[in-house]
Every structure is written in structure tokens, then in C-alpha cells.
Amino acid sequence: MHANPLRDPQDRRLPRIAGPCGMVLFGVTGDLSRKKVMPAIYDLANRGLLPPGFSLVGFARRDWADQDFAQIVHDAVKEHARTPFREEVWNQLSEGFRFVSGDFDDDAAFEQLRRTVEELDQLRGTGGNMAFYLAIPPSFFGTVVGQLKEHGLADPGPDQWRRVVVEKPFGHDLESARELNHILDRVFPSGSVFRIDHYLGKETVQNILAMRFANNMFEPIWNANYVDHVQITMAEDIGIGGRAGYYDGIGAARDVIQNHLLQLMALVAMEEPVAFDAESLRIEKQKVLASATLPPRLDTTTARGQYTAGWAGGEKVQGFLDEDGIKKTSTTETYAAITVNVETRRWAGVPFYLRTGKRLGRRVTEVAIVFKRAPHLPFSQTATEDLSQNALVIRVQPDEGMTMRFGSKVPGTAMEIRDVNMDFAYGGSFTEASAEAYERLILDVLLGDPPLFPRHEEVELSWKILDPVMAHWAKKGKPEPYDSGTWGPSSADKMLARDGRTWRRP
Ligand code: BG6
């Protein structure tokens, strides 16, 4: 047919297996390592996608032996891995575990790390290929990458690679993001820096591109002529749990809108890429972010809130200000909603409403494309009273799939038209379960396959969009309280009501 093989020389249906390599994990005691990175490594090994000699080096201040580190990984895998525990896989994998103890500014520890990396190459045949995963606060990035450089770890030998993986927050505003990028740039060439936005690793998020660009029925109506507005929602029922240290002062907008939601918006709004490779995809996403603007009145086009006590999953839960580690005077928002305009011919006049919050009614992430009403309805007014706007809803999680909402005649002798839904559910169409986002992304790092990683221009453009909102809120004092278990503050409803619209109740 019309696929162009020259654009994608690799057959992506074949299992992609990483070549000889290893990983050094900084921040082994953190939540991210335990809940996501370690289980994903085991799951990859279990699926046969890691090389037999794959090696994992933990680096932390703890006074641990290799076995202690292996025990930590073991516990993390037992608790959080998605695939069954198999002794033979574990035994082979854990033979490649090493632990290096030290502070980030400890030269002797980095010398030890260098020796460990060399030994692993001799012993397990890693080929000297190493990914350095910085699951640590960004304030330490400078020290760690400086040490990697200093001790010769950042520079690959001939036919080797060295890559660095960083996690958000990529700064807390445009300026700090630039500084971070500068720190990384000084040590690693841009092609060796992998910024993880785990939303891009989600199957349903990648499917936005498949849906848009592999079909012919969506693209013709994917523009301001037909689309009224777009709602992007990432709602969580959980509170901040034990993450007060990270979350207080960061808040919902920096935690989720700056990265996950603006990336989702870019995928929904972008033009067709020339090819499905990193460069082409990033160029198109970047154009969307560069053309995004905020409407002039931030008072009425944004909303923020902070959860108070209420109910979640049938249990009484405490308010944000009563959570462990949160100051009673904290003005950190746990709910954020913003309006973004994408100033292009395709999207002129179509607002993108982005919202996220903790302790909301339920956990759901979705993108809803809401269409304009039909220009003319040849029915009596009473026949269409119950008809709302057509919508295409991409259900990112938890119930992965897509829903199309349109009007249909209610059976009977009278003409009465009501909304109905047509559903596609992943579970009903495919037998394979989606891989966890981290599995996909870690494998991509080891393969050096960058399409799913935002590059620094995208990160900076996203801060450019968000910075004025944060500055505006900083002048406003406390966010509006909302009860846990509800759908956020009333200002969020007013924000849409002013435009004659309402939020979907997912
Ligand atoms: C993270 C945020 O990036 O995403 C968390 O820091 C949030 O606050 C998490 O809970 C949600 O991820 P997921 O994949 O469960 O939607």
C-alpha cells in the first residue's frame, strides 16, 4: 500500500532486544526505583528482552554489600513486577548486581564505580555500554554528571555508548530548566540524554498517533472546522502519600501539566510527522508547544485548588494541610486547570482545557475531543433536547480504549434522539496486556531509540507556557479548598461555564 519502507528501515514488529549493556542506578532507595525501575528491569529480563550479561549497579550512601542491594531489588520485584517471579531469570539477572557505597561528591566512590563498570565488562560482557539512571532530585544532577565526567565514566570508548537518563522535575521554571539542560549538555551529547516522561511510554498515548495517522476517518475532522474544544484530564483518587518532600512547593501544575498533559496536547494537536522517527516527531511536537499561548485573563481561564478532608474509596481521608510533612500554611495546589490556545490554522479558536488533581472522584486519564454541534438539525426541538455534542474520548487509563459519543434515535414511534456510546476496549480486541510504560522506556534507552523522549527544547517551551500561570498564582495566596472525593474547586467549573461549556464527568 502506501507505507514508505524507506522512512522506517527497522521492522518494529520484531521483538526488540537490547544488546550487551548495563545500568547504573542512582537513587536506589527512592520510590521511583523500587516501584518502577527495578520491577521494569526484571520484567524486561523475564520477557527475554535484556542481554544475558545485563548488569545493574546501585549507587547510594548506604553501607550495603552487593547482597543487601540484591535483596532490595528482590523485594521491589516481588512487590511490584508485572510478570511472574521465575527463579532462573532472577538468578541470572542478580548475578550482575553490584553495589557501590558513597556520597555523590565522594571521589573514591566514583573511582570504585569506574572499576566496577570495567570489571562487569570483563566478567559479563557488557561491552562497556552503560546507562546512568538519575532517579535523584535534580539538585544533585550537576554533582553526579560532573563526577561521571571527572572519572571517565561519561565518555564511551570506541564502539561503546554511555547514556544518561533523567526524570522530572526538569527544573521548576524556564530558567532552572535551562540550567539543568546546560549541566547535562556540558557532559553528554544531546543524543545521549534521555528525559523520561512516562506518559509517552503508555500504550494508549502512543496509540494517539496510530489512530490519527494510520486511519483516514479522523484527520479530516481533526481541526477548528469541526472541533469545538479539547479536554485533557488526569485525575487521581490518591493523595500525596509519603511524597510531601517532593510535592510541597511543586504542586499539581508543575508535577503533571508541565510534562504529561502538555505532551498529550502536543500529540493531539501536532501535524503529521514526515516519518516515525525521533527527529520528525519532536519537530512536530515542538511546533505545537511553540505556538501555544495562554488567554489574557488568567484569573478566569485557570483554576487551582487544595484538597481538604473527605472520602476516597469509601474511607475517610485527611486534607492536604494535615498530611505528614506539609506545612499548615502551604499554598501548594493539588488541583490545577489551565486553558491553552494553539495558535495555528488548524486549531485557531479551539481551546484546550487541561486539568489534573489529587483526591478527585476517581483515577482516570482521558483526552476528549468535543465536536461542534451539527450546523442544522432538521428535527423538532424536543426531539434533540437530550442530544449533546459528539465526542471522541481517548481513554488513556485505567479502562484503556476509545469511546465515540453520538446521537441515535431512541426506539419507538416518536422521533427522539439521545446520546449513545460506541466503545473500543483494548481488553476486547487484543490478548496481549500493555507493557508498563517504564519497561518500554528503559528498553528504548538501552536500544538508543529516542522518539518517546522529549528533548530539551520541548521541556523549555512547556515551562514557557506554564511560568506565567505559576507567577500569577504566586500572587494570589491560598488555592481554593475542595473536598476530597469531589471533582475539584468550583472555580474550575466556572472557568468552563464562562465559555458556555462543562467538564466531562469521567
Ligand atoms: C507522576 C507524578 O509523574 O505521575 C505523580 O509525579 C502521579 O504525582 C503519577 O501520581 C501518575 O502516574 P500514572 O502513570 O499512575 O498516571
Side-chain angles (χ1 to χ4, degrees), residues 27 30-37 39-40 43 80 82 133-138 165-172 177 194-208 232-265 267 304-307 312-313 317 320 323 325-326 330 332-337 354-367 394-400 426 433-442 452-454 458-459 462-463 466 484 488 506:
D31 251 23
L32 176 70
S33 294
R34 260 184 336 104
K35 291 191 180 153
K36 299 290 182 187
V37 182
D43 286 328
H80 299 288
R82 290 168 40 120
Y133 200 123
L134 309 190
I136 53 176
V165 186
V166 290
E167 280 280 348
K168 73 175 189 49
F170 308 121
H172 52 88
F194 289 74
R195 293 174 186 77
I196 290 211
D197 182 318
H198 79 281
Y199 263 64
L200 296 178
K202 291 185 192 273
E203 202 64 61
T204 35
V205 171
Q206 292 162 46
N207 193 37
I208 295 176
I232 304 183
T233 301
M234 193 269 222
E236 293 183 284
D237 51 359
I238 52 169
I240 54 152
R243 296 168 79 218
Y246 159 76
Y247 202 83
D248 200 15
I250 292 274
R254 288 189 175 103
D255 185 39
V256 170
I257 294 185
Q258 188 274 339
N259 36 78
H260 309 326
L261 297 197
L262 285 173
Q263 283 288 325
L264 280 176
M265 185 188 88
L267 294 176
R304 69 184 177 132
Q306 198 178 62
Y307 63 81
V317 292
F320 179 69
E323 299 276 19
I326 298 294
S330 171
T332 300
E333 84 282 354
T334 60
Y335 178 100
L354 278 46
R355 65 173 164 166
T356 184
K358 301 252 183 224
R359 285 277 187 244
L360 298 183
R362 73 185 190 95
R363 174 176 182 253
V364 59
T365 300
E366 62 163 47
V367 177
I394 302 164
R395 303 194 311 267
V396 172
Q397 63 186 28
D399 171 24
E400 290 116 333
Y426 272 70
S434 321
E436 153 71 8
Y438 273 88
E439 275 180 59
R440 167 69 200 258
L441 295 174
I442 289 173
L452 300 180
F453 299 84
E458 291 170 65
V459 171
S462 301
W463 281 119
L466 203 61
S484 286

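We use all heavy atoms of the structure for the numbers below, so side chains are in, but hydrogens, waters and symmetry mates are not. Atoms within a ligand are numbered from 1 in the order they appear, just like the ligands themselves.
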Check ligand 1 for close polar pairs with the protein: N or O on both sides, less than 3.5 Å.
| unit_1 | atom_1 | unit_2 | atom_2 | d |
| --- | --- | --- | --- | --- |
| ligand 1 | 3 (O) | Lys168 | NZ | 3.0 |
| ligand 1 | 3 (O) | His260 | NE2 | 2.7 |
| ligand 1 | 6 (O) | Lys168 | NZ | 2.9 |
| ligand 1 | 6 (O) | Arg243 | NH2 | 2.9 |
| ligand 1 | 6 (O) | Asp255 | OD1 | 2.6 |
| ligand 1 | 6 (O) | Asp255 | OD2 | 3.3 |
| ligand 1 | 8 (O) | Arg243 | NH1 | 2.8 |
| ligand 1 | 8 (O) | Asp255 | OD2 | 2.6 |
| ligand 1 | 8 (O) | Lys358 | NZ | 2.7 |
| ligand 1 | 10 (O) | Glu236 | OE1 | 3.3 |
| ligand 1 | 10 (O) | Glu236 | OE2 | 2.5 |
| ligand 1 | 10 (O) | Lys358 | NZ | 3.2 |
| ligand 1 | 12 (O) | His198 | NE2 | 3.2 |
| ligand 1 | 14 (O) | His198 | NE2 | 2.8 |
| ligand 1 | 14 (O) | Lys202 | NZ | 2.6 |
| ligand 1 | 15 (O) | Arg363 | NH2 | 3.3 |
| ligand 1 | 16 (O) | Tyr199 | OH | 2.5 |
| ligand 1 | 16 (O) | Gln397 | NE2 | 2.6 |

Fill in the blank from the handout: Here the pair of heavy atoms bringing Pro39 nearest to Ser33 is CD-O, 3.8 Å
Problem - Cationic N near anionic O, under 4.0 Å, Lys202 to Glu400 - result: no
Problem - Trp463 versus Gly171, closest heavy-atom pair with distance - result: CZ2-O, 3.0 Å
Handout entry: Asp255 side chain to Tyr246 side chain, donor-acceptor N/O pair below 3.5 angstrom
Key = yes
Exercise for the section: Output yes when Lys358 and Glu236 qualify as a salt bridge under the 4.0 Å nitrogen-oxygen rule, no when they do not. Expected result: yes
Problem - side chain to side chain contact (heavy atoms under 4.5 Å, CB included) involving Ser462 - partner list, sequence neighbours excluded - result: Gln258, Leu262, Leu289
